[in-house]
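Atoms within a ligand are numbered from 1 in the order they appear, just like the ligands themselves.
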Amino acid sequence: MIKTASVVHVDLPGREYDIQIGPGLLGKVGAFIAPFGGRKHVAIVTDETVAGLHLASLQAGLTAAGLTSEALALPAGESTKCWVELERTCDFLLDQKVERGDIVIAFGGGVIGDLAGFAAAVLRRGVRFVQIPTSLLAQVDSSVGGKTGINTKHGKNLIGAFHQPTLVLADTALLGTLAPRDFLAGYGEVVKYGLLGDLKFFEWLEKHGLAMAAGDMDARVQAVTRSVQMKADIVQRDETEQGDRALLNLGHTFCHALEAATGYSDRLLHGEGVAIGCAMAFELSARLGLCSQESPSRVRAHLRQMGTKVDLRDIEGDLPDAETLLGLMGQDKKVVAGQLRFILAREIGDAFITSDVPREVVLSVLKDALAER
Ligand code: GLY
C-alpha cells in the first residue's frame, strides 16, 4: 500500500494533539499553525545546523499563512541541553513577548525538542509549543509524549516536566539531509517499537528496513507512523510513566550505562546505545529462560543487516569492566528503591517490566559481551 502521508492522534483529555507525518509538511506549516490563534508572530527555537539547512523553508511556510517569525539558533549537540541555554531560550522567548496564547516552535532533533519544550513548559507557567522534529529519533520518539527537560552535572534529563505539544509535524523529507550514521542511530528507536510490542512491525522492518534507510519515502512514512502510533497508544495509557510507559525504555538501562561510560560523546550516539541495549536485553531474557535462544540472534542479525551498532565490540576505545558498567546502570532514573528495573522480553514483540533480575546474570551478559571485544 502506498502511504505518502498520515496522521496519528494522541487522545489525552484536555491535551490532545495530532502528529502529522509525510514529506513536504514544512511548506504547509503556516496553514497548520494559523488556526491555533494567538498573535501572528511565532518564536522558533532551533540549532545552527538545522537553521542552515531548513530555517528559510520553515519561515517561508509561515509567511505564506501571514505569520511573522524570529528564530534563536543554538549550538548543535547534547551539551546545549543545559541551564545556560535554557536561560538564553527563556530570555529570547520573553524578548519575543511570547504570551500564553502564542505558539513556540521547537525545530530540530531531540535536544532542541526537549530544551524548547521545557522552556515552553516553564515560561509564564506554560505556553503552547509545536514540535517540528528533524531527526529520525525525534520523529519517532522524543517529539511525542510530552517529556521535556535538560541535563545537569548529575545526569541526563534530571530537570524537566511533562508538557504535551499542541501539534507535531514530522516532515519525512527532512530525513534526507541526515548523515547516514544519525539516520541509523534513530533506527535504534524504530526497531525498539517492533521489539517491545509488535512482532509484525519487526517482520516488516526485516523486509523493508533497508529500503527505508536507502530513502524509500513510503517506507519512511509507514515506519514513522507505526512507531508513533505505538508510542501514542502507550502515552495515552500512562502519560507520566507510572507503569506501561517504561516499556519505551527497552534497551535503555544498558544504553544509559554505555553512554555514561563513553562520556556522552560521539563514540556512542543515543540511538546506537539503544540498539546495542535492545540486543543485550534480549540476550539477558534468553539467559533467564524467558525467550528462545534464537530471539537475540534474530535481533542482532537484523541490526547487523541495517549496519547500525549491535555489540560492545562496535564501540571504539576502552570500556570499563562489567562491575563498573553495572554500577553505572544503578545511576539510571529507572532505579526504584535501589532496585534496577529492566525491560525484558518473552518473545520479539512481547516485552514486560521487572525488577526481578539476578545481579549475577546481568554481570555474565556484560562480561561475555566485553570478552568478545
Ligand atoms: N523516550 C521514552 C518516553 O518518551 O517515554
Side-chain angles (χ1 to χ4, degrees), residues 8 10-12 15-17 19 21 78 81 106 108-118 120-121 129 131 133-151 155-165 168 170 182 185-198 201 223-260 264 268-278 281 329 332-336 341-345 351-353:
V8 171
V10 184
D11 195 11
L12 291 167
R15 300 178 306 294
E16 60 190 65
Y17 55 98
I19 305 157
I21 302 148
E78 186 72 29
K81 254 173 75 171
V111 167
I112 290 298
D114 285 6
L115 174 83
F118 187 46
F129 81 116
Q131 289 269 21
T134 56
S135 68
L136 181 59
L137 186 141
Q139 292 196 355
V140 299
D141 187 53
S142 58
S143 68
V144 176
K147 279 189 182 175
T148 70
I150 58 167
N151 308 326
K156 279 182 76 167
N157 300 324
L158 293 179
I159 304 293
F162 287 99
H163 186 53
Q164 299 293 341
V168 180
D182 289 323
Y187 190 78
E189 296 279 5
V190 175
V191 81
K192 176 191 83 176
Y193 290 104
L195 295 175
L196 77 87
D198 190 348
F201 184 36
V224 174
T225 304
R226 290 179 79 161
S227 300
V228 297
Q229 183 64 65
M230 194 175 291
K231 179 148 190 182
D233 290 346
I234 291 176
V235 167
Q236 279 162 199
R237 291 204 299 274
D238 176 24
E239 183 183 3
T240 56
E241 203 169 310
Q242 308 301 311
D244 268 9
R245 186 163 180 166
L247 290 170
L248 296 170
N249 294 325
L250 176 64
H252 284 63
T253 305
F254 287 105
C255 169
H256 288 161
L258 294 170
E259 282 185 291
Y264 302 98
L268 184 72
L269 304 178
H270 175 71
E272 294 173 335
V274 172
I276 295 175
C278 284
M329 286 182 176
D332 199 276
K333 277 205 302 306
K334 292 178 291 305
V335 174
V336 176
R341 276 198 302 164
F342 282 92
I343 317 305
L344 297 179
F352 66 100
I353 306 156

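Heavy atoms of His252 stay at 4.0 angstrom or farther from ligand 1.
Side-chain atoms of Thr148 come within 3.5 Å of backbone atoms of Ala161 as a donor-acceptor pair (strictly under, hydrogens ignored). Side-chain atoms of Gln139 never come within 3.5 Å of backbone atoms of Ala170 as a donor-acceptor pair (strictly under, hydrogens ignored). The main-chain N or O of Gly145 is found under 3.5 Å from a side-chain atom of Gln164 such that the two form a donor-acceptor pair.
Residues Tyr193 and Asp141 form a side-chain contact, since some pair of their non-hydrogen atoms from C-beta on lies under 4.5 Å apart. Using a 4.5 Å heavy-atom threshold, the side chains of Arg245 and Lys231 count as touching.
Within the 4.0 Å heavy-atom criterion, neither part of Val235 lies near ligand 1.
Between Lys192 and ligand 1, no pair of N/O atoms sits closer than 3.5 Å.
For atom 4 (O) of ligand 1, the nearest non-hydrogen atom from the set Glu239, Glu241, Lys231 comes from Lys231.
For atom 1 (N) of ligand 1, the closest heavy atom belonging to the protein is Asp141 OD2, 2.9 Å.
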